[in-house]
Amino acid sequence: MKAYNPHEIEPRWQKAWAESGIDEVREGDERPKKYVLEMFPYPSGDIHMGHARNYTIGDTIARYYRMKGFDVLHPMGWDAFGLPAENAAIKHHSHPAKWTYSNIATQKASFKRMGFSYDWDRTVVACDPEYYRWGQWIFEQFWKRGLVERRNSPVNWCPSCKTVLANEQVIEGRCWRCDSEVEKRDLTQWYFKITDYAQELLDDLDQLEGWPERVKQQQANWIGRSEGAEVTFTLCSPDGSVPENPTDDDLITVFTTRADTLFGCSFFVLAPEYAGVADLVRGTEYEKPVMDLVEASKKVTALQRAQGDHEKHGAFTGRYVVNPVNGQKVPVWVADYVVADYGTGAVMAVPCGDQRDFEFARKYDLPIVPIILGEDDPLYPQLKSEKNRVVTSVDWDAAYDAEGYLVQSGEFTGMKGGKHSEGEAAVVAKLEEMDLGKRKVEYRLRDWLISRQRYWGNPIPAIHCPKCGVVPVPEEDLPVMLPKDIDLAAGETLATHEEFINCTCPKCGGPARRETDTMDTFTCSSWYYLRYTDPHNDQQPFDPAKANAWMPVDKYIGGIEHAILHLLYSRFYTKALRDMGLVNIDEPFRNLLCQGMVLDEHGDVMSKSKGNVVSPEKMIDAYGADAVRAYILFMAPPEKELLWNEDGLAGLYKFLNRAWRVVCDLMAQADDETLFEKADEKKAAAARKQLVRERHRVVGKVTADIERDNFNTAIAAVMELVNAASDYLHVVAPDARAEGADDAVLARDVAETIVKLLSPITPHWSEELWCTVLGHEPSIHEEPWPTFDPEKAKSDEVELAVQVNGKVKARITVAADEAEDAIKQTALSAVSHALEGKDVKKVIVVKGRLVNIVAK
RNA sequence: GGGAGCGUGGCGGAAUUGGCAGACGCAGCGGACUUAAAAUCCGCCAUCUUUUGAUAUGUGGGUUCGAGUCCCACCGCUCCUACCA
């Protein structure tokens, strides 16, 4: 018997598969398609266990579907633009491309060693001009359709990466990439109007039945739809008089979800960044304190806010606005707790019903007028039908933000108040009637800031002409190539590269300057899955017919850290491209599997600084790729974290050895007499029966488990079949398995079944046994998946637990098709000792499982 | 503060709709083989108890013939989010 030697068989089969092109996609195939995709990696260096896990899961699924008779697209590429390459280039005085392509080569070699079945002919590398050309083209199509905007506003700036960041890339006030504190700056930047799709991005989450609930929840929270109303207040003149015929300049609008509390508005607050703040106070005694506050709030970093420093600061502007529902004048303040870019940047403050307003009112001694009360509030009996203000202060220590009844609220007094309440609807109706308010939906989602002040990215294809303004680069001139001669270490950037910058305006032909910002790397990863469907197209980003044939991705596998960023952006791209007629789908990813992290044995994140990184390469050196793959899938369900434990890996290696021997022993003929003793025929018959049952049961179990991503229990089931085969081998001697005998047929069937069931997981191990021990031609990976007969998985006798009042008291064995009455009788007599002195009230028979006797 | 999820042996984890808790594996213990070790093969392995049996899925209640699973409250942990009016 040949021993299992992964180090010999793995490279041999990898070479053979590459030569035969077995993993390449066949175009024009008649079979139904499956598009299995793993998130493409950033070429940061050697692969780590997270990669190994992600891609092992995907490869197993892809191989399974091939055997199930699908035409499978399973591609791989690299998300190759980004800052680490630039930093490496600065450090080593070289070019980012050098570092990037060298890492790609390293990673690709590792992926091949893992035995991943990618169609390498379809590789997409994001920094390849053949790819980024079409990223620019798509940018221009978005531009044409009004999805691109250039505007000045406060943005997140990372001082360490020296670039702006999208909202989604700021995590607790820090840069997602380098962890530096993010600053606010006023800059003119490029945006994608993802907010145009806010409602659809929210609604279509319902279509995504194959997505984890928590990811959908996170996206819904991020989009943050909020239903409310706009309410218009009139600004009083500097002398405090109410303008008789107010112009648009005299009106200030707020967004609120609680119009029902409008009668409790006792002051009015503008964000420090609110556009008209300076004009309101210019030349007055209030100018200095207000403008000091505006300056100070710029210095309060997002980080300080994230860390819970919610001390509110404000300053009075000296101006007043008129409350539209009761005509009351309320003071206008500027305060740093109002967010400038949500709603209108102004809020009506109702301190009795909003905790933030309450805190601010207490700090600056502003009135707190109770206008919504719970029935158990001590003030309620006094105020419950009071329409006018009689109480204008409270001794509460927090706002009342629950549902309640409106009081001191004019005609609305007595109505129910709260979000989406009767009172809210009535107030909004009244405002609409007066033409001073209307229903409004707001979203938390902001437009996607896509420009970056970095070299190693996709250049934004725009030209600044002093005469014509900002104009797109003509399509035939795409791509705008990144200049290769740049010395980043010397501080050069695109903005200092005169040769790159100087150009002529495509409209007027005059001298012009090229845009020097590049696009966020997330633009590259927002459509790569479409490029895979037609990777060599040099006429368009992809042929819509090909994309439509393959899309959507049937199974998308990647890390949960992309729950918002990448997945939201990709959904947006897909919808925008759909509206341009390039694809006919609404959503790119039908099923999403978010794999858990790989942690060290103590549950800590693996990191170079901690020195606890386990290298996949070293594990392959020690145990072979198949054992590593099987271990990764066996030790935890895919979405859970995996605690690395090398003893466990050794265990899987031992299992592959044991299963190898069992397969060989099953195929051994009578000449190999030393192996087993001859057993009596009765035992042998029972062992045969048992093995047949296990064979059918396990195929059913493994198939169902792989379909629902339970690879750990699928492997456990194969282990059970191997154990059953081993038991059988101990009873049935090899000479019973001579050529042509029933046992020979059974033994071969079980051997082939084991090898096939493991082949998506351990492709080299299976291929070797298939071709040598089982004597077939390559390749097992083109064989059909084993089938099973549920009838044959059934046993003709079953053991039932007999419970008395829910506690197991005995076990009985009955024929599988035994009648219920007979089962009851058997059960009752089996537990007669436990029933003495009791009345049997009821007997419940659960077929195939148990009998429960209720007795008192 | 808001949202989502999770608590099962020494460890990783099983348990489709409520139906015999602990599959499968790791570690451990015992045995066979061996001069010996490794490898391999066989057996044991939740807790208490001599057997019978009793107790066990974070804690306390509830629904049910029956609860790891459903409901309520509490405790603990993890992730996401954060002044969004």
Side-chain angles (χ1 to χ4, degrees), chain A residues 171-173 212-218 220-222 224-226 228 254-258 261 269 271 302 305-312 335-344 346-350 353-357 359-360 401 442-446 560-561 563-564 596-597 601 603 631 634-637 640-652 654-655 657-658 661 701 704-705 708 710 712-720 722-723 726 730 799-811 833 841-855:
Chain A
I171 295 152
E172 291 190 356
E213 212 44 53
R214 61 177 170 151
V215 175
K216 288 194 275 187
Q217 193 66 49
Q218 275 185 48
N221 289 345
W222 191 262
R225 180 190 156 97
S226 191
V254 299
F255 173 75
T256 180
T257 56
R258 294 295 304 277
T261 65
V269 196
R305 292 184 176 203
Q307 284 172 344
D309 176 18
H310 290 177
E311 171 79 30
K312 296 170 177 57
D336 58 2
Y337 74 95
V338 175
V339 177
D341 59 352
Y342 181 74
T344 62
V347 300
M348 60 177 223
V350 182
D354 182 282
Q355 186 59 25
R356 294 156 299 182
D357 297 341
E359 287 167 17
F360 191 79
D401 56 6
E442 280 290 339
Y443 299 90
R444 222 188 62 123
L445 182 70
R446 305 290 195 278
I560 186 75
E561 66 274 18
I564 296 171
M597 301 243 288
E601 57 213 319
Y631 167 77
F634 179 69
M635 284 304 279
K640 270 199 75 165
E641 61 224 15
L642 189 155
L643 266 56
W644 190 263
N645 170 276
E646 200 170 329
D647 284 341
L649 173 55
L652 266 292
K654 277 201 299 202
F655 165 68
N657 274 289
R658 172 171 146 82
R661 282 190 301 272
K701 167 92 175 140
D705 281 352
R708 54 188 184 130
N710 289 5
N712 53 334
T713 51
I715 294 171
V718 179
M719 287 171 170
E720 289 179 279
V722 170
N723 290 344
S726 173
H730 281 96
E799 193 186 67
L800 303 180
V802 183
Q803 300 179 330
V804 177
N805 297 330
K807 303 238 180 242
V808 180
K809 294 287 175 186
R811 281 165 218 285
H833 59 282
K841 302 273 182 200
K842 207 167 164 190
V843 181
I844 295 149
V845 178
V846 183
K847 248 195 143 202
R849 301 219 177 244
L850 54 73
V851 181
N852 190 14
I853 296 161
V854 187

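Computed from a predicted model, the values in this text were never measured in an experiment. Letters go in sequence order (proteins before strands), and every chain restarts at 1.
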Participant: Can you tell me the distance, in whole Å, between the CD atom of A/Gln217 and the P atom of B/G5?
Facilitator: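 Computing the A/Gln217:CD to B/G5:P distance gives 8 Å.
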Participant: How is A/Glu641 classified with respect to the nucleic acid when contacts are heavy atoms under 4.0 Å: base, sugar-phosphate, or nothing?
Facilitator: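 If one applies the 4.0 Å heavy-atom cut-off, A/Glu641 turns out to touch the sugar-phosphate alone, with no base involved.
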Participant: Run the numbers on A/Glu601 and A/Leu643 for side-chain contact (heavy atoms from CB on, under 4.5 Å), then give the verdict.
Facilitator: CA-CA 5 Å; A/Glu601 57 213 319; A/Leu643 266 56; 5.9 Å; no
Participant: Looking at every non-hydrogen atom in both residues, tell me the closest pair between A/Val269 and A/Ala335 and how far apart they are.
Facilitator: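 Heavy-atom minimum between the residues: CG1-CB, 3.4 Å.
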Participant: Roughly how far apart are A/Tyr443 OH and A/Arg225 CZ, rounded to 0.5 Å?
Facilitator: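 One gets 4.5 Å once the value is rounded to the nearest 0.5 Å.
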Participant: Nearest to the side chain of A/Arg708, heavy atoms from C-beta on, is which of B/G19, B/A15, B/U81?
Facilitator: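 Of all the options, the side chain of A/Arg708 is nearest to B/A15.
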Participant: Hey, what do you get for CG (A/Asp341) to CZ (A/Arg444), rounding to the nearest 0.5 Å?
Facilitator: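 Reported to 0.5 Å precision, the distance equals 10.5 Å.
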Participant: To the nearest 0.5 angstrom, please state how far the OG1 atom of A/Thr713 sits from the CZ atom of A/Arg708.
Facilitator: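 The CZ atom of A/Arg708 is 6.0 Å from OG1 of A/Thr713, to the nearest 0.5 Å.
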Participant: Select one nucleotide: of B/A85, B/U40, B/C80, the one nearest the side-chain heavy atoms of A/Gln218.
Facilitator: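 Out of B/A85, B/U40, B/C80, the nucleotide with an atom closest to A/Gln218's side chain is B/C80.
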Participant: Measure from the side-chain heavy atoms of A/Arg849 and tell me the nearest of B/G19, B/A85, B/G13.
Facilitator: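 Nearest nucleotide to the side chain: B/G19.
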Participant: Would you call B/G9 syn or anti, using the 90° rule around 0?
Facilitator: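 It is syn.
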Participant: Of the listed nucleotides (B/C84, B/A82, B/A14), which one gets closest to any side-chain atom of A/Arg446?
Facilitator: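 The listed nucleotide nearest to A/Arg446's side chain is B/C84.
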Participant: In whole angstroms, how far is the P atom of B/C6 from the CE atom of A/Met597?
Facilitator: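 Rounded to the whole Å, the gap is 19 Å.
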Participant: Side chain of A/Arg444 only, heavy atoms from C-beta on: which candidate in B/C42, B/C83, B/C84 is closest?
Facilitator: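 Nearest listed nucleotide: B/C84.
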Participant: Tell me which of A/Ala801 and A/Gly343 sits closer to the 5' end of RNA chain B, going by the nucleotide each one is nearest to.
Facilitator: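 Comparing both residues, the 5'-ward one is A/Ala801.
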Participant: Checking contacts here: which listed nucleotide (B/C65, B/G13, B/C83) is nearest the side-chain heavy atoms of A/Lys312?
Facilitator: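 It is B/C83.
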Participant: How many whole angstroms separate atom NZ of A/Lys807 from atom C1' of B/U64?
Facilitator: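 Between C1' of B/U64 and NZ of A/Lys807: 15 Å.
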Participant: Any cation-pi pair here, A/Lys312 with A/Phe360, using under 6.0 Å and within 45°?
Facilitator: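 Cation-pi check for A/Lys312 and A/Phe360: fails.
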Participant: Which of these nucleotides, B/G3, B/A14, B/A85, is closest to any side-chain atom of A/Arg356?
Facilitator: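 Between B/G3, B/A14, B/A85, the one nearest the side chain of A/Arg356 would be B/A85.
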Participant: Walk me through whether A/Glu359 and A/Arg356 qualify under salt bridge (Lys or Arg N to Asp or Glu O under 4.0 Å).
Facilitator: CA-CA 5 Å; A/Glu359 287 167 17; A/Arg356 294 156 299 182; over 6 Å; no
Participant: Which atom pairs link the protein and nucleotides 22-26 of chain B when you take only N or O atoms and keep those under 3.5 Å?
Facilitator:
unit_1 : atom_1 : unit_2   : atom_2 : d
B/A23  : O2'    : A/Glu720 : OE2    : 3.1
B/G25  : OP1    : A/Asn723 : ND2    : 3.4

Participant: Side chain of A/Thr257: nearest nucleotide among B/A82, B/G13, B/A85?
Facilitator: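 Selected nucleotide (nearest to the side chain): B/A85.
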Participant: Quick one: the side chain of A/Arg258 and the base of B/A85, do they pair up donor-acceptor inside 3.5 Å?
Facilitator: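 A donor-acceptor contact between them is absent.
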Participant: Using whole Å, report how far NZ of A/Lys640 lies from P of B/C11.
Facilitator: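 Rounding to the nearest Å, NZ of A/Lys640 and P of B/C11 are 13 Å apart.
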Participant: Given B/C83, B/A4, B/C42, which nucleotide is nearest the side-chain atoms of A/Arg214?
Facilitator: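 Of B/C83, B/A4, B/C42, B/A4 is nearest to the side chain of A/Arg214.
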Participant: With distance as the sole criterion, is a donor-acceptor pair present between the side chains of A/Tyr631 and A/Asn645 under 3.5 Å?
Facilitator: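 A/Asn645 and A/Tyr631 do not have a side-chain donor-acceptor pair below 3.5 Å.
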Participant: With nearest nucleotide decided by heavy atoms, which residue, A/Ser226 or A/Trp222, maps closer to the 5′ end of RNA chain B?
Facilitator: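 Result of the comparison: A/Trp222.
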Participant: Over all heavy atoms of both residues, which pair between A/Leu850 and A/Leu800 is shortest? Give the atoms and the distance, please.
Facilitator: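 Heavy-atom minimum between the residues: N-CD2, 4.1 Å.
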Participant: Tell me the closest heavy-atom pair linking A/Ala636 and A/Glu641, and the distance in Å.
Facilitator: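 For A/Ala636 and A/Glu641, the tightest heavy-atom pair comes out as CB-O, 3.7 Å.
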Participant: May I have the distance from A/Asp354 (atom CG) to B/G1 (atom C1'), rounded to whole angstrom?
Facilitator: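 Roughly 12 Å, once rounded to whole Å.
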Participant: Let's test your reading of the model: under 3.5 Å, does the base of B/C84 pair with the side chain of A/Arg225 as donor and acceptor?
Facilitator: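 Checked by distance alone, the answer is no.
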Participant: Categorize A/Lys701 for me: base, sugar-phosphate, or nothing, with a 4.0 angstrom heavy-atom threshold over every strand shown.
Facilitator: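 The answer is nothing, as A/Lys701 stays clear of every strand by at least 4.0 Å.
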Participant: On a heavy-atom basis, which atom in A/Val350 and which in A/Asp357 lie closest, and how many Å separate them?
Facilitator: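 Heavy atoms of A/Val350 and A/Asp357 come nearest at N-OD2, 2.9 Å.
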Participant: On a plain distance test, is the side chain of A/Lys841 in donor-acceptor contact with the base of B/C65 below 3.5 Å?
Facilitator: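 Donor-acceptor pair under 3.5 Å: no.
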Participant: Can you list every stem that RNA chain B is part of, counting only runs of 3 or more consecutive Watson-Crick or G-U wobble pairs with both distances under 3.5 Å?
Facilitator: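 RNA chain B forms these stems: B:1-7 with B:75-81, B:10-12 with B:24-26, B:28-32 with B:40-44, B:46-48 with B:53-55, B:58-62 with B:70-74.
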Participant: Touch check for A/Ile844, heavy atoms < 4.0 angstrom, all strands: base, sugar-phosphate only, or nothing?
Facilitator: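 Base, at least one base atom sits under 4.0 Å.
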